[in-house]
Amino acid sequence: MTPVQAGAIPLFMKNKDVVVEAVTGSGKTLAFVIPIIEKLVRLKKRFAKNEIGALVITPTRELAQQISSVFSIFLKDSVIPLLKHALITGGTSTLQDDICYIKEFGPDILIGTPGRLEDLLVGRGTAKNYINTKELEILVLDEADRLFDMGFSQSLNNIIAHLPKQRRTGLFSATMTDGLAEIVRAGLRNPVRVMVKVEDLVSKDVQRIPATLQIGYILCEPHQKLSQVLRLLTYETTAKKYIIYFATCACVDYFFKIFSKMPQLKGISIYSLHGKMDTKRRTATYRAFLNLPSTSSALLLCTDVAARGLDVPDVDFVIQMDPPQDPKVFAHRCGRTARAGKEGKAIVLLGHGREEVYVDFLKIRKIPLKQLAYILPGNKANSLSINDDDIITQAPVSDDNNEALLEQIRKIVLMDRDLHDKGTKAFVSYIRSYSKHEANYIFRLKDLDLGKVAKGYCLLKLPKMPELKDIKIEFEDASVNMDGYKYANKAREQKRLSKLESDNAKLNIQQTSRQKKVFKGPWSEKLAAKQRRTERRIKRSKKREYLKKRKAEEINGSSDDINKSKDIGVCFEDEWEELQKEERLAKKLKKGIINQEEFDRVMGLTNNDEAEV
Ligand SMILES: Nc1ncnc2c1ncn2[C@@H]1O[C@H](COP(=O)(O)OP(=O)(O)OP(=O)(O)O)[C@@H](O)[C@H]1O
């Protein structure tokens, strides 16, 4: 057994509730799979088809799938034929499908994600719960701290409220919180805490990462990140399997397209995985990456959906383009390598200045990081040797090779407008995600050089977004004729062209209606018209002034009207009517009941009069 198994299994078997915290890849899965099977076997009891004896809840489908496959090893017909387990995650099957399956198959152990489990165990809306949990013996929450996060907490509370109080409960994670509230919410009774610590053999410091994991960081500018990643991928000759973490789904989509078109990465199979992918594609990608032969070179671009719990064999290198929004996820991401005693490396790219504070922030959390050199083209050998102490260098002010690389990518982007759309979406989503960092005293949007980020995303033009409004950005805008910028997909391009045509037609109509009508008559007429307009303007302003005064006097109680009217020398009875008429017409014009032409006609304004207004 691994240390965490040696600590947790006997306690769980002795009917204790357990809270287990042990570093990534230390074997926590077996620490609950074995006691669940052992306990249910010892019961020597047959559960009814709609009853279950154990429930394992995880935050992601992939993790549930993985745990289910660990159960399969033990519950194959020939080994323990009496117990059955089922994977319930939604996404690929409907609720009705799941109910039919359970009715027919009658599993004793359910493994799943909170949403679909809630539907089955508690029922939702008018739907009734189908599964009977009265006989439930064990509840396990894997990646428990994540399950207690806002997104899952309601479903989790509903499920837990539905389970019998007389049960054993186990919480497992590499980053269990100390929060008592969570333990109470999960309904643990007198829980025993199992913590497996790792000690650095040299410094004797306790750390929260596996002893075989080395974590390094490279300082660079936002527009140098891409070249650093590409150099890491091409220079590290011994590594075969990489995982690269990005901040958002849109970033994964964009860089997946870019990486797939880079000649430098020819020969490496590239996969992408994120939460907004269609479930079938997501499962297929995960399986394909999982089952790759150990000799093939492969790269998985993903979000934090693949940060926790996934046990992909032989991942040599984890690269984080950016630190995660939730600092707890940092150790989980790194922990996809260096599992079960194997060696592994993880690297995070940080910006100069404020972001460097993140290193100390992690150190306090017992996650030690070592600075690595900015990788220049050609310096393969020592740039990645995390053990080498004298390799600390700053990124060079100019890196011609980096500029050439960005230019190369911009050319790729120019080949398909879809890449420009994806890049813009990725950039916008990145900025939004950066502004939501939990450690926001380190990651402050106002300190981020957005121009350099845009350059690093190889944008051809800056998008309009509120975050960019008041910020001064230095950005070299590539002069692209957007109207002529085509989609590689023919149907999409055709659609764009049709839209462009109709937009242009609409614009023309608007422009024509707005265009001034040019006066083409003789000079003398033009002058007379101008004279008439000036007179009218004077009259109108006098009227307005008079009416204003009159109103003020009405309010003040004075009634010396006639004298006042003589003072301003206006015969206002006629003009009062004219003014009222004009006002009525102006209202109609505003509401669109009449058009400008009718207004002019009724008011006695000729086209010529109006021409220069
Ligand atoms: N006793 C053991 N002997 C050898 N290998 C083991 C043992 N227990 C587990 N392993 C292997 O160790 C690897 C990691 O195990 P597991 O996925 O359970 O880690 P974990 O602690 O849950 O990690 P994470 O925190 O990332 O979820 C797996 O490949 C597993 O097969």
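Numbers here simply count residues along the sequence, with the first being 1. Every number for a ligand or one of its atoms is a count from 1 in the order of the listing.
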### Message
Looking only at side-chain N and O atoms, does Asp322 offer a donor or acceptor that is under 3.5 Å from a partner on Tyr434?
### Response
no

#### Entry: Electrostatic pair Arg208:Glu21 at N-O distance under 4.0 angstrom
yes

### Task
Can you measure from CG (Leu75) to CG (Asp108) and round to the nearest 0.5 angstrom?
8.5 Å

### Task
Closest by any non-hydrogen atom to atom 24 (P) of ligand 1: pick that one out of Arg339, Arg308, Gln5.
Arg339

### Message
When you compare the side chains of Asn158 and Ser155, does any donor N or O come within less than 3.5 Å of an acceptor on the partner?
### Response
no

### Task
Ignoring hydrogens, tell whether any protein atom lies closer than 4.0 Å to atom 7 (C) of ligand 1; use the non-hydrogen atoms only.
yes

### Query
At a 4.0 Å threshold, what atoms of ligand 1 neighbour a non-hydrogen atom of Asp311?
13 (C), 14 (C), 17 (O), 28 (C), 29 (O)

#### Entry: Option nearest atom 15 (O) of ligand 1 (shortest heavy-atom distance, choices Gly335, Gly27, Cys334)
Gly27

### Summary
A student checking ligand 1 against Ser26 at a 4.0 Å heavy-atom cut-off should list atoms 19 (O), 20 (P), 21 (O)

### Task
Starting from atom 23 (O) of ligand 1, find the nearest protein heavy-atom neighbour and note its residue, name and distance.
Gly25 N, 2.8 Å

### Task
In plain terms, say whether Asp311 and Arg339 are close enough for a salt bridge, that is, a side-chain N and a carboxylate O under 4.0 Å apart.
yes

### Message
For atom 12 (O) of ligand 1, tell me which residue out of Ser173, Ala340, Ala331 has the closest non-hydrogen atom.
### Response
Ala340

### Message
Does either side chain, that of Ser72 or that of His85, offer a donor lying less than 3.5 Å from an acceptor on the other one?
### Response
yes

#### Entry: Reference residue Ile131; test side-chain contact (heavy atoms from CB on, under 4.5 Å); the match among Ile88, Ile99, Leu110, Asp119
Leu110

### Query
Within the side chain of Lys49, is there an N or O that forms a donor-acceptor pair under 3.5 Å with the backbone of Glu104?
yes

### Query
So which heavy atom in the protein is nearest atom 21 (O) of ligand 1, and how far is it from that ligand atom?
Lys28 NZ, 2.8 Å

### Task
State whether Lys342 and Asp316 are salt-bridged, where the test is any N-O pair (Lys NZ or Arg NE/NH1/NH2 against Asp/Glu carboxylate O) under 4.0 Å.
no

### Query
Closest non-hydrogen protein atom to atom 27 (O) of ligand 1, residue and atom name please, with distance?
Gly309 CA, 3.1 Å

## Note on the structure
Quick look: Glu143 vs ligand 1, heavy-atom contacts under 4.0 Å, and the answer is side chain

### Message
Heavy-atom distances under 4.0 Å decide this one: backbone, side chain, both or neither, for Thr29 against ligand 1?
### Response
both

### Task
Check whether any protein heavy atom sits under 4.0 Å from atom 18 (O) of ligand 1.
yes

## Note on the structure
Within 4.0 Å of some non-hydrogen atom of Thr2, the atoms of ligand 1 are 1 (N), 2 (C), 7 (C), 8 (N)

## Note on the structure
Quick note on ligand 1: atoms under 4.0 Å from a heavy atom of Arg336 include exactly 26 (O)

